[in-house]
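To keep things clear, I will list the structure first and then write my remarks on it.
Predicted model only: the values in this text are computed from it and were never measured. Both counts, for ligands and for their atoms, begin at 1 and track the order of listing.
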Amino acid sequence: MSSSRTTKTTTRPGKPANKRAGKAAAAKNPAAGKSEKAAAANKPVRKTAGKRTPPKAAPAAKPDLLAVRAQIDGIDREIQALIAERALFAHQVGKAKGKLAAAVEYYRPEREAQVLRRVVDRNDGPLTDEVLVRLFREIMSACLAQQEPLKIGYLGPEGTFSQQAVHKHFGHSARGLPLASVEEVFNEVASGTADFGVVPVENSGQGTIQSTLDLFLTSPLMICGEVELRVHQYLLSRTGHVEDIERVYSHGLSLAQCKNWLRKNLPQAERQAVASNAEAVRRAKKSDDAAAIAGENAAHVYGMKVVAGPIEDRSDNTTRFLVIGRASFPPSGNDRTSLMVSIRDQPGALYRILEPLARRDISMNRIESRPDHGALWQYAFFIDVGGHAEESPLKDALAEIDRYAGDVRVLGSYPVAVP
Ligand SMILES: O=C(O)C(=O)C[C@]1(C(=O)O)C=C[C@@H](O)C=C1
(Lines give C-alpha, C1' and ligand atoms only; values in the text may rest on other atoms or scores of the structure.)
Protein backbone atom coordinates (compact mmCIF):
# COMPACT_ATOMS: atom_id res chain seq x y z
CA MET A 1 0.00 0.00 0.00
CA SER A 2 1.32 3.45 -0.84
CA SER A 3 1.72 6.28 1.63
CA SER A 4 0.86 9.05 -0.82
CA ARG A 5 -2.71 10.00 -1.42
CA THR A 6 -4.36 12.79 -3.36
CA THR A 7 -6.42 15.00 -1.10
CA LYS A 8 -9.58 16.50 -2.56
CA THR A 9 -12.13 18.61 -0.74
CA THR A 10 -15.39 17.06 0.38
CA THR A 11 -18.37 18.91 1.66
CA ARG A 12 -21.44 16.90 2.43
CA PRO A 13 -24.33 17.74 0.13
CA GLY A 14 -26.49 20.27 1.97
CA LYS A 15 -24.09 20.50 4.96
CA PRO A 16 -21.10 22.62 5.81
CA ALA A 17 -17.75 20.83 6.14
CA ASN A 18 -17.40 19.18 9.53
CA LYS A 19 -14.61 21.17 11.13
CA ARG A 20 -15.18 19.75 14.59
CA ALA A 21 -14.69 16.27 13.21
CA GLY A 22 -11.34 17.08 11.70
CA LYS A 23 -10.09 18.77 14.85
CA ALA A 24 -11.34 16.04 17.13
CA ALA A 25 -9.73 13.39 14.97
CA ALA A 26 -6.39 15.16 14.99
CA ALA A 27 -6.56 15.76 18.72
CA LYS A 28 -7.73 12.33 19.72
CA ASN A 29 -6.27 9.95 17.19
CA PRO A 30 -2.58 9.71 17.90
CA ALA A 31 -2.03 8.24 14.43
CA ALA A 32 -3.81 11.15 12.72
CA GLY A 33 -1.21 13.82 13.42
CA LYS A 34 1.89 11.78 12.63
CA SER A 35 0.77 9.62 9.75
CA GLU A 36 3.96 10.09 7.72
CA LYS A 37 6.20 8.95 10.54
CA ALA A 38 3.85 6.20 11.52
CA ALA A 39 3.79 5.08 7.92
CA ALA A 40 7.55 4.89 7.78
CA ALA A 41 7.76 3.03 11.07
CA ASN A 42 4.92 0.62 10.79
CA LYS A 43 3.54 -0.37 7.42
CA PRO A 44 0.66 -0.55 6.69
CA VAL A 45 0.19 3.14 6.24
CA ARG A 46 -2.45 5.42 7.70
CA LYS A 47 -3.88 7.57 4.91
CA THR A 48 -6.02 10.67 5.23
CA ALA A 49 -9.55 10.35 3.84
CA GLY A 50 -9.88 12.21 0.55
CA LYS A 51 -12.35 15.00 0.20
CA ARG A 52 -14.73 15.64 -2.62
CA THR A 53 -16.65 18.68 -3.89
CA PRO A 54 -20.37 18.06 -4.30
CA PRO A 55 -21.83 18.65 -7.75
CA LYS A 56 -22.58 22.34 -8.25
CA ALA A 57 -26.32 22.79 -8.76
CA ALA A 58 -28.97 25.33 -7.87
CA PRO A 59 -30.54 24.38 -4.51
CA ALA A 60 -33.89 23.40 -6.07
CA ALA A 61 -32.40 21.58 -9.08
CA LYS A 62 -32.61 17.81 -9.27
CA PRO A 63 -29.12 16.27 -8.85
CA ASP A 64 -27.84 14.18 -11.71
CA LEU A 65 -28.34 10.54 -10.66
CA LEU A 66 -25.34 9.08 -12.45
CA ALA A 67 -23.04 11.83 -11.21
CA VAL A 68 -24.14 11.34 -7.59
CA ARG A 69 -23.74 7.57 -7.87
CA ALA A 70 -20.26 8.07 -9.26
CA GLN A 71 -19.47 10.11 -6.13
CA ILE A 72 -20.85 7.33 -3.96
CA ASP A 73 -18.75 4.75 -5.82
CA GLY A 74 -15.65 6.82 -5.17
CA ILE A 75 -16.46 7.18 -1.49
CA ASP A 76 -17.19 3.44 -1.19
CA ARG A 77 -13.77 2.67 -2.70
CA GLU A 78 -12.13 4.87 -0.10
CA ILE A 79 -14.18 3.50 2.79
CA GLN A 80 -13.28 -0.04 1.74
CA ALA A 81 -9.59 0.77 1.44
CA LEU A 82 -9.63 2.45 4.85
CA ILE A 83 -11.45 -0.45 6.49
CA ALA A 84 -8.88 -2.87 5.05
CA GLU A 85 -6.12 -0.61 6.28
CA ARG A 86 -7.69 -0.36 9.72
CA ALA A 87 -7.89 -4.14 9.88
CA LEU A 88 -4.16 -4.33 9.16
CA PHE A 89 -3.43 -1.86 11.95
CA ALA A 90 -5.70 -3.78 14.33
CA HIS A 91 -3.70 -6.88 13.43
CA GLN A 92 -0.54 -4.99 14.36
CA VAL A 93 -2.12 -4.01 17.67
CA GLY A 94 -2.70 -7.72 18.20
CA LYS A 95 0.98 -8.37 17.57
CA ALA A 96 1.93 -5.50 19.89
CA LYS A 97 0.03 -7.26 22.67
CA GLY A 98 2.43 -10.17 22.33
CA LYS A 99 1.70 -13.80 21.70
CA LEU A 100 -1.53 -14.33 23.59
CA ALA A 101 -3.25 -17.65 23.95
CA ALA A 102 -6.80 -16.86 22.86
CA ALA A 103 -9.11 -14.23 21.34
CA VAL A 104 -10.42 -13.28 24.77
CA GLU A 105 -6.98 -11.91 25.65
CA TYR A 106 -7.04 -9.47 22.73
CA TYR A 107 -10.44 -7.99 23.64
CA ARG A 108 -10.27 -4.51 25.22
CA PRO A 109 -13.71 -3.20 26.22
CA GLU A 110 -12.28 0.05 27.60
CA ARG A 111 -10.58 0.83 24.28
CA GLU A 112 -13.73 -0.05 22.31
CA ALA A 113 -15.78 2.29 24.52
CA GLN A 114 -13.26 5.10 23.90
CA VAL A 115 -13.37 4.55 20.14
CA LEU A 116 -17.18 4.61 20.16
CA ARG A 117 -17.39 7.72 22.34
CA ARG A 118 -15.18 9.51 19.82
CA VAL A 119 -17.52 8.41 17.05
CA VAL A 120 -20.45 9.95 18.96
CA ASP A 121 -18.43 13.06 19.73
CA ARG A 122 -17.53 13.59 16.08
CA ASN A 123 -21.03 12.95 14.79
CA ASP A 124 -22.73 15.95 13.20
CA GLY A 125 -25.37 13.86 11.38
CA PRO A 126 -27.15 13.08 9.21
CA LEU A 127 -26.85 9.53 10.63
CA THR A 128 -27.78 9.06 14.29
CA ASP A 129 -25.25 8.21 17.01
CA GLU A 130 -26.83 4.74 17.33
CA VAL A 131 -26.35 3.99 13.65
CA LEU A 132 -22.73 5.14 13.58
CA VAL A 133 -21.90 3.31 16.79
CA ARG A 134 -23.41 0.14 15.30
CA LEU A 135 -21.28 0.45 12.16
CA PHE A 136 -18.07 1.07 14.10
CA ARG A 137 -18.80 -1.80 16.49
CA GLU A 138 -19.11 -4.09 13.50
CA ILE A 139 -15.79 -2.87 12.16
CA MET A 140 -14.07 -3.50 15.52
CA SER A 141 -15.80 -6.86 15.82
CA ALA A 142 -14.45 -7.87 12.41
CA CYS A 143 -10.99 -6.53 13.25
CA LEU A 144 -10.87 -8.53 16.48
CA ALA A 145 -12.18 -11.67 14.78
CA GLN A 146 -9.05 -11.66 12.59
CA GLN A 147 -7.36 -13.28 15.58
CA GLU A 148 -10.26 -15.65 16.30
CA PRO A 149 -13.93 -14.83 17.01
CA LEU A 150 -14.98 -14.30 20.60
CA LYS A 151 -17.43 -16.90 21.93
CA ILE A 152 -20.33 -15.30 23.76
CA GLY A 153 -22.86 -17.26 25.83
CA TYR A 154 -26.44 -15.97 26.01
CA LEU A 155 -29.93 -17.11 26.93
CA GLY A 156 -31.00 -18.89 23.76
CA PRO A 157 -32.32 -20.21 21.55
CA GLU A 158 -31.58 -17.96 18.60
CA GLY A 159 -33.91 -15.00 18.21
CA THR A 160 -33.97 -13.86 21.87
CA PHE A 161 -33.38 -10.28 22.97
CA SER A 162 -30.25 -11.61 24.67
CA GLN A 163 -28.92 -12.54 21.23
CA GLN A 164 -29.71 -9.02 20.02
CA ALA A 165 -27.77 -7.66 23.01
CA VAL A 166 -24.81 -9.88 22.06
CA HIS A 167 -24.84 -8.47 18.52
CA LYS A 168 -25.23 -4.91 19.79
CA HIS A 169 -22.24 -5.18 22.10
CA PHE A 170 -19.88 -7.59 20.34
CA GLY A 171 -20.97 -7.21 16.68
CA HIS A 172 -21.84 -10.00 14.28
CA SER A 173 -18.29 -11.36 13.97
CA ALA A 174 -18.47 -12.75 17.51
CA ARG A 175 -19.78 -16.30 17.77
CA GLY A 176 -22.94 -16.62 19.89
CA LEU A 177 -23.47 -19.71 22.03
CA PRO A 178 -27.21 -20.08 22.75
CA LEU A 179 -27.68 -21.66 26.19
CA ALA A 180 -30.69 -22.98 28.06
CA SER A 181 -30.62 -20.69 31.11
CA VAL A 182 -28.88 -17.68 32.61
CA GLU A 183 -27.29 -20.03 35.14
CA GLU A 184 -25.80 -22.03 32.27
CA VAL A 185 -24.38 -18.81 30.82
CA PHE A 186 -22.57 -18.24 34.13
CA ASN A 187 -21.34 -21.87 34.16
CA GLU A 188 -20.06 -21.85 30.57
CA VAL A 189 -18.17 -18.59 31.10
CA ALA A 190 -16.69 -19.87 34.39
CA SER A 191 -15.53 -23.09 32.73
CA GLY A 192 -13.97 -21.21 29.78
CA THR A 193 -16.27 -22.71 27.12
CA ALA A 194 -17.54 -19.17 26.50
CA ASP A 195 -15.24 -16.13 26.62
CA PHE A 196 -18.00 -13.84 27.90
CA GLY A 197 -21.69 -14.06 28.69
CA VAL A 198 -24.52 -11.57 28.23
CA VAL A 199 -27.28 -11.77 30.84
CA PRO A 200 -30.39 -9.62 31.41
CA VAL A 201 -30.36 -7.77 34.75
CA GLU A 202 -32.99 -5.07 34.64
CA ASN A 203 -35.97 -3.80 32.66
CA SER A 204 -37.10 -0.20 32.67
CA GLY A 205 -40.69 -1.17 33.48
CA GLN A 206 -40.29 -4.39 35.47
CA GLY A 207 -37.23 -3.54 37.57
CA THR A 208 -34.39 -5.84 38.55
CA ILE A 209 -34.20 -9.46 37.48
CA GLN A 210 -33.44 -10.85 40.92
CA SER A 211 -32.56 -14.33 39.71
CA THR A 212 -29.63 -12.91 37.70
CA LEU A 213 -28.31 -10.88 40.66
CA ASP A 214 -28.52 -13.93 42.91
CA LEU A 215 -26.11 -15.83 40.65
CA PHE A 216 -23.36 -13.37 41.64
CA LEU A 217 -23.71 -14.49 45.28
CA THR A 218 -21.97 -17.75 44.48
CA SER A 219 -20.10 -16.97 41.25
CA PRO A 220 -16.53 -15.65 41.01
CA LEU A 221 -17.25 -14.01 37.61
CA MET A 222 -16.70 -10.31 36.98
CA ILE A 223 -18.92 -7.74 35.26
CA CYS A 224 -17.02 -6.39 32.23
CA GLY A 225 -19.68 -4.34 30.49
CA GLU A 226 -23.31 -3.32 30.17
CA VAL A 227 -25.63 -3.18 27.19
CA GLU A 228 -28.87 -1.25 26.97
CA LEU A 229 -31.33 -2.58 24.44
CA ARG A 230 -34.61 -0.92 23.40
CA VAL A 231 -37.03 -3.82 23.47
CA HIS A 232 -39.89 -3.87 20.99
CA GLN A 233 -42.34 -6.73 21.41
CA TYR A 234 -44.34 -8.26 18.57
CA LEU A 235 -47.23 -10.71 18.51
CA LEU A 236 -46.31 -13.53 16.12
CA SER A 237 -48.36 -16.44 14.85
CA ARG A 238 -48.48 -19.01 12.09
CA THR A 239 -51.55 -17.54 10.34
CA GLY A 240 -51.05 -13.86 11.13
CA HIS A 241 -54.77 -13.52 12.07
CA VAL A 242 -55.57 -12.15 15.51
CA GLU A 243 -59.00 -13.86 15.57
CA ASP A 244 -57.34 -17.33 15.52
CA ILE A 245 -55.43 -16.75 18.78
CA GLU A 246 -56.51 -18.62 21.92
CA ARG A 247 -53.14 -18.94 23.67
CA VAL A 248 -50.17 -16.56 24.00
CA TYR A 249 -46.72 -17.85 24.97
CA SER A 250 -43.82 -15.71 26.08
CA HIS A 251 -41.18 -15.20 28.75
CA GLY A 252 -42.84 -13.95 31.96
CA LEU A 253 -41.11 -10.57 31.65
CA SER A 254 -42.34 -10.05 28.09
CA LEU A 255 -45.91 -10.98 29.08
CA ALA A 256 -45.66 -8.40 31.86
CA GLN A 257 -44.34 -5.74 29.44
CA CYS A 258 -47.44 -6.22 27.23
CA LYS A 259 -50.03 -6.71 29.99
CA ASN A 260 -52.26 -3.77 29.03
CA TRP A 261 -52.13 -4.52 25.33
CA LEU A 262 -53.13 -8.14 25.97
CA ARG A 263 -55.92 -7.11 28.32
CA LYS A 264 -57.34 -4.79 25.70
CA ASN A 265 -56.82 -6.81 22.54
CA LEU A 266 -56.83 -10.46 23.59
CA PRO A 267 -58.77 -10.55 26.87
CA GLN A 268 -59.91 -14.17 26.38
CA ALA A 269 -56.57 -15.64 25.37
CA GLU A 270 -54.76 -17.85 27.88
CA ARG A 271 -51.22 -16.62 28.74
CA GLN A 272 -48.43 -19.11 29.29
CA ALA A 273 -44.99 -18.13 30.57
CA VAL A 274 -42.10 -20.16 29.11
CA ALA A 275 -38.28 -20.09 29.48
CA SER A 276 -37.55 -17.64 26.64
CA ASN A 277 -39.30 -15.70 23.90
CA ALA A 278 -37.71 -17.89 21.27
CA GLU A 279 -39.07 -20.99 23.04
CA ALA A 280 -42.48 -19.26 22.94
CA VAL A 281 -42.20 -18.85 19.17
CA ARG A 282 -41.23 -22.49 18.75
CA ARG A 283 -44.35 -23.54 20.65
CA ALA A 284 -46.62 -21.11 18.79
CA LYS A 285 -45.29 -22.49 15.52
CA LYS A 286 -46.93 -25.84 16.30
CA SER A 287 -50.57 -24.70 16.04
CA ASP A 288 -52.77 -22.11 14.36
CA ASP A 289 -54.55 -21.05 17.58
CA ALA A 290 -51.35 -20.05 19.41
CA ALA A 291 -49.23 -16.91 19.28
CA ALA A 292 -45.96 -15.79 20.83
CA ILE A 293 -44.66 -12.45 22.03
CA ALA A 294 -41.07 -11.94 20.89
CA GLY A 295 -38.76 -9.62 19.01
CA GLU A 296 -39.51 -8.97 15.35
CA ASN A 297 -36.40 -10.82 14.22
CA ALA A 298 -37.78 -14.02 15.77
CA ALA A 299 -40.46 -13.88 13.04
CA HIS A 300 -37.71 -14.11 10.41
CA VAL A 301 -35.68 -16.73 12.28
CA TYR A 302 -38.70 -19.02 12.77
CA GLY A 303 -40.78 -18.15 9.68
CA MET A 304 -43.75 -16.66 11.57
CA LYS A 305 -46.13 -13.84 10.66
CA VAL A 306 -46.38 -10.57 12.57
CA VAL A 307 -49.93 -10.15 13.92
CA ALA A 308 -49.28 -6.85 15.70
CA GLY A 309 -46.48 -4.73 17.05
CA PRO A 310 -44.79 -3.08 18.69
CA ILE A 311 -47.14 -4.02 21.55
CA GLU A 312 -45.12 -3.15 24.68
CA ASP A 313 -47.06 -0.92 27.09
CA ARG A 314 -44.20 1.57 27.49
CA SER A 315 -42.65 3.02 24.37
CA ASP A 316 -39.28 3.48 26.17
CA ASN A 317 -39.16 -0.19 27.19
CA THR A 318 -35.45 -0.93 27.67
CA THR A 319 -33.61 -3.95 29.06
CA ARG A 320 -30.17 -3.66 30.59
CA PHE A 321 -27.81 -6.61 30.16
CA LEU A 322 -24.51 -7.30 31.89
CA VAL A 323 -21.45 -8.69 30.16
CA ILE A 324 -19.81 -11.24 32.44
CA GLY A 325 -16.28 -12.56 32.14
CA ARG A 326 -13.32 -13.92 34.06
CA ALA A 327 -11.11 -10.80 34.11
CA SER A 328 -11.25 -7.14 35.05
CA PHE A 329 -10.28 -4.30 32.70
CA PRO A 330 -8.65 -0.86 33.12
CA PRO A 331 -10.60 2.44 33.24
CA SER A 332 -12.18 3.80 30.04
CA GLY A 333 -12.74 7.36 31.30
CA ASN A 334 -16.48 6.93 31.95
CA ASP A 335 -17.08 3.87 34.06
CA ARG A 336 -19.51 2.32 36.46
CA THR A 337 -18.68 -0.11 39.27
CA SER A 338 -20.95 -2.80 40.68
CA LEU A 339 -20.37 -3.77 44.29
CA MET A 340 -21.73 -6.60 46.40
CA VAL A 341 -21.72 -5.85 50.08
CA SER A 342 -22.55 -8.39 52.80
CA ILE A 343 -24.09 -6.83 55.85
CA ARG A 344 -25.13 -8.24 59.20
CA ASP A 345 -28.41 -7.08 60.67
CA GLN A 346 -26.71 -4.37 62.81
CA PRO A 347 -27.59 -0.71 63.37
CA GLY A 348 -25.69 1.63 61.07
CA ALA A 349 -24.06 -1.15 59.01
CA LEU A 350 -25.38 0.13 55.69
CA TYR A 351 -24.68 3.74 56.65
CA ARG A 352 -21.00 2.90 57.20
CA ILE A 353 -20.84 1.58 53.66
CA LEU A 354 -22.67 4.48 52.02
CA GLU A 355 -21.19 7.39 53.97
CA PRO A 356 -17.65 7.15 52.51
CA LEU A 357 -19.21 7.14 49.03
CA ALA A 358 -21.50 10.12 49.71
CA ARG A 359 -18.69 12.12 51.36
CA ARG A 360 -16.69 11.83 48.13
CA ASP A 361 -19.64 12.81 45.92
CA ILE A 362 -19.70 9.40 44.28
CA SER A 363 -23.03 8.92 42.51
CA MET A 364 -25.05 5.82 43.29
CA ASN A 365 -27.32 4.54 40.53
CA ARG A 366 -28.82 1.59 42.29
CA ILE A 367 -29.06 -0.26 45.57
CA GLU A 368 -30.79 -3.58 45.84
CA SER A 369 -30.91 -5.93 48.79
CA ARG A 370 -31.10 -9.72 48.52
CA PRO A 371 -31.08 -12.36 51.24
CA ASP A 372 -27.53 -13.70 51.40
CA HIS A 373 -27.70 -17.45 50.89
CA GLY A 374 -24.77 -17.93 53.29
CA ALA A 375 -26.48 -17.03 56.59
CA LEU A 376 -29.89 -16.39 58.09
CA TRP A 377 -30.88 -12.69 58.35
CA GLN A 378 -27.77 -11.64 56.54
CA TYR A 379 -28.24 -9.50 53.44
CA ALA A 380 -26.26 -8.80 50.33
CA PHE A 381 -26.58 -5.32 48.88
CA PHE A 382 -25.94 -4.82 45.19
CA ILE A 383 -24.78 -1.25 44.70
CA ASP A 384 -23.88 0.47 41.41
CA VAL A 385 -21.72 3.58 41.68
CA GLY A 386 -20.04 5.95 39.25
CA GLY A 387 -16.29 5.55 38.61
CA HIS A 388 -13.68 2.80 38.36
CA ALA A 389 -12.45 0.84 41.38
CA GLU A 390 -8.81 1.49 40.40
CA GLU A 391 -9.27 5.27 40.24
CA SER A 392 -9.83 7.89 42.91
CA PRO A 393 -12.18 8.89 44.43
CA LEU A 394 -13.83 5.44 44.28
CA LYS A 395 -10.54 3.67 45.05
CA ASP A 396 -10.15 5.66 48.30
CA ALA A 397 -13.78 5.13 49.30
CA LEU A 398 -13.43 1.37 48.79
CA ALA A 399 -10.22 1.29 50.85
CA GLU A 400 -12.04 3.09 53.69
CA ILE A 401 -15.07 0.80 53.50
CA ASP A 402 -12.75 -2.18 53.51
CA ARG A 403 -11.02 -0.96 56.70
CA TYR A 404 -14.12 -0.09 58.71
CA ALA A 405 -17.17 -1.80 57.30
CA GLY A 406 -16.13 -5.24 56.11
CA ASP A 407 -17.21 -7.46 53.34
CA VAL A 408 -17.27 -5.60 50.02
CA ARG A 409 -16.68 -7.36 46.72
CA VAL A 410 -16.11 -5.44 43.51
CA LEU A 411 -18.16 -7.33 40.95
CA GLY A 412 -16.61 -5.25 38.20
CA SER A 413 -15.76 -1.81 36.86
CA TYR A 414 -16.84 -1.35 33.26
CA PRO A 415 -17.53 1.33 30.63
CA VAL A 416 -20.94 3.02 30.86
CA ALA A 417 -23.00 1.74 27.92
CA VAL A 418 -22.47 3.63 24.66
CA PRO A 419 -25.89 4.07 22.92
O1 LIG B 1 -6.85 -1.42 20.38
C2 LIG B 1 -6.82 -2.63 20.55
O3 LIG B 1 -6.40 -3.14 21.62
C4 LIG B 1 -7.31 -3.55 19.48
O5 LIG B 1 -7.18 -4.75 19.61
C6 LIG B 1 -7.99 -2.97 18.30
C7 LIG B 1 -9.50 -2.98 18.46
C8 LIG B 1 -10.06 -2.11 17.30
O9 LIG B 1 -10.47 -2.67 16.29
O10 LIG B 1 -10.05 -0.88 17.45
C11 LIG B 1 -10.01 -4.36 18.34
C12 LIG B 1 -10.39 -5.08 19.44
C13 LIG B 1 -10.29 -4.59 20.80
O14 LIG B 1 -11.32 -5.07 21.59
C15 LIG B 1 -10.19 -3.12 20.86
C16 LIG B 1 -9.88 -2.38 19.76
Side-chain angles (χ1 to χ4, degrees), residues 1 21 24-35 38 41-47 49 79-123 129 132-153 165-176 189 194-198 222-227 321-335 388 390 412-419:
M1 229 171 268
K28 291 171 180 172
N29 177 3
K34 47 178 179 178
S35 60
N42 301 304
K43 310 217 161 76
V45 171
R46 165 79 176 84
K47 290 181 274 187
I79 292 174
Q80 192 174 342
L82 286 171
I83 290 174
E85 206 177 321
R86 189 190 192 286
L88 290 171
F89 271 116
H91 191 67
Q92 283 203 349
V93 173
K95 280 191 183 161
K97 288 176 187 166
K99 198 159 173 50
L100 304 177
V104 63
E105 298 176 38
Y106 291 93
Y107 177 63
R108 296 287 185 276
E110 77 287 2
R111 168 69 182 158
E112 295 201 357
Q114 287 161 354
V115 169
L116 296 176
R117 283 180 203 138
R118 280 171 201 164
V119 168
V120 170
D121 201 36
R122 282 191 296 257
N123 185 23
D129 291 347
L132 283 175
V133 163
R134 195 169 74 219
L135 294 174
F136 273 83
R137 270 199 196 283
E138 287 300 341
I139 291 172
M140 285 194 284
S141 172
C143 286
L144 182 66
Q146 291 180 107
Q147 329 282 341
E148 184 196 338
L150 287 174
K151 296 185 281 298
I152 316 295
V166 170
H167 287 151
K168 180 169 180 193
H169 193 76
F170 289 99
H172 284 73
S173 296
R175 189 143 61 82
V189 176
D195 297 320
F196 294 96
V198 171
M222 308 285 297
I223 302 173
C224 321
E226 61 173 8
V227 194
F321 295 81
L322 296 176
V323 178
I324 51 171
R326 298 180 294 275
S328 56
F329 292 93
S332 75
N334 182 15
D335 300 286
H388 194 287
E390 287 168 14
S413 292
Y414 47 90
V416 170
V418 185

Test Ser332 against every option in Ser413, Pro415, Pro109 by the side-chain contact (heavy atoms from CB on, under 4.5 Å) rule and name the one that passes.
Pro415
Is the number of heavy atoms from other residues, nucleotides or ligands within 6.0 Å of CZ (Phe136) greater than 12?
no
Parallel, tilted or perpendicular, judged at 30° and 60°: which one describes the rings of Phe329 and Phe196?
tilted
Identify, chain by chain and in numerical order, each protein residue with a heavy atom under 4.0 Å from an atom of ligand 1.
Arg86, Val93, Lys97, Tyr106, Tyr107, Arg108, Arg111, Glu112, Met140, Cys143, Leu144
Find out whether Val198 and His169 are in side-chain contact, i.e. whether some heavy atom of one side chain is under 4.5 Å from a heavy atom of the other.
no
Side chains of Val104 and Arg326 in contact at under 4.5 Å (non-hydrogen atoms)
yes
Restricting to non-hydrogen atoms, name the atom on Gln146 and the atom on Ala87 that form the minimum distance, rounded to 0.1 Å.
NE2-O, 2.9 Å
